[in-house]
Amino acid sequence: MMVQSARQLPASRVLGTSNLSRPNCPRCGKALLVAEVSLFVLSGRIDHAWSCDDCGNEFVTSIRLWR
């Protein structure tokens with residue numbers, strides 16, 4: 001798993017959550033296992049970029065670490 005990447009994350013940020021479970025694809029509902037990219041942001045957030053193997057949908061989840 002990649003911890004940090006210079007690659008741009010997909011633009012659509014569809015899920016901001018404090019839930020640490022694996023997401024389901026918003027388009028087809030398939031459970032996703034591993035994020036394509038995880039990126040720590042200094043403002044106190046971790047962004048995970050996901051790509052669904054079934055339908056190809058790409059989206060980002062964002063977890064806030066502190067307030």
Side-chain angles (χ1 to χ4, degrees):
M1 177 175 11
M2 192 180 305
V3 176
Q4 192 171 19
S5 173
R7 178 179 124 173
Q8 291 290 331
L9 296 176
S12 62
R13 203 177 290 281
V14 298
L15 184 61
T17 183
S18 60
N19 181 356
L20 300 177
S21 66
R22 295 179 183 109
N24 292 334
C25 174
R27 183 183 296 159
C28 72
K30 179 181 175 163
L32 303 176
L33 299 178
V34 178
E36 295 286 323
V37 176
S38 295
L39 179 66
F40 174 75
V41 181
L42 289 176
S43 63
R45 198 175 78 230
I46 297 176
D47 292 341
H48 298 289
W50 302 88
S51 178
C52 180
D53 291 333
D54 283 359
C55 71
N57 185 37
E58 294 184 345
F59 64 99
V60 176
T61 59
S62 184
I63 299 170
R64 188 184 334 193
L65 298 176
W66 57 77
R67 293 177 190 246

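No side-chain N or O of H48 forms a donor-acceptor pair with one of T61 less than 3.5 Å apart.
Residues D47 and V41 form a side-chain contact, since some pair of their non-hydrogen atoms from C-beta on lies under 4.5 Å apart. F59 is not listed as a side-chain neighbour of S51, based on a closest heavy-atom distance of 4.5 Å or more.
Under a 3.5 Å cut-off, the side chain of R22 and the backbone N or O of L33 do form a donor-acceptor pair.
Considering all non-hydrogen atoms of both residues, A31 and N24 come closest at CA-OD1, 3.2 Å. Considering all non-hydrogen atoms of both residues, P26 and N57 come closest at CD-ND2, 3.6 Å.
Remark: D54 pairs with C28, K30, C52 by the side-chain contact (heavy atoms from CB on, under 4.5 Å) rule, at least two apart or across chains.
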Query - F40 vs L65, side-chain contact (heavy atoms from CB on, under 4.5 Å): CA-CA, chis, key distance, verdict - result: CA-CA 10 Å; F40 174 75; L65 298 176; 3.5 Å; yes
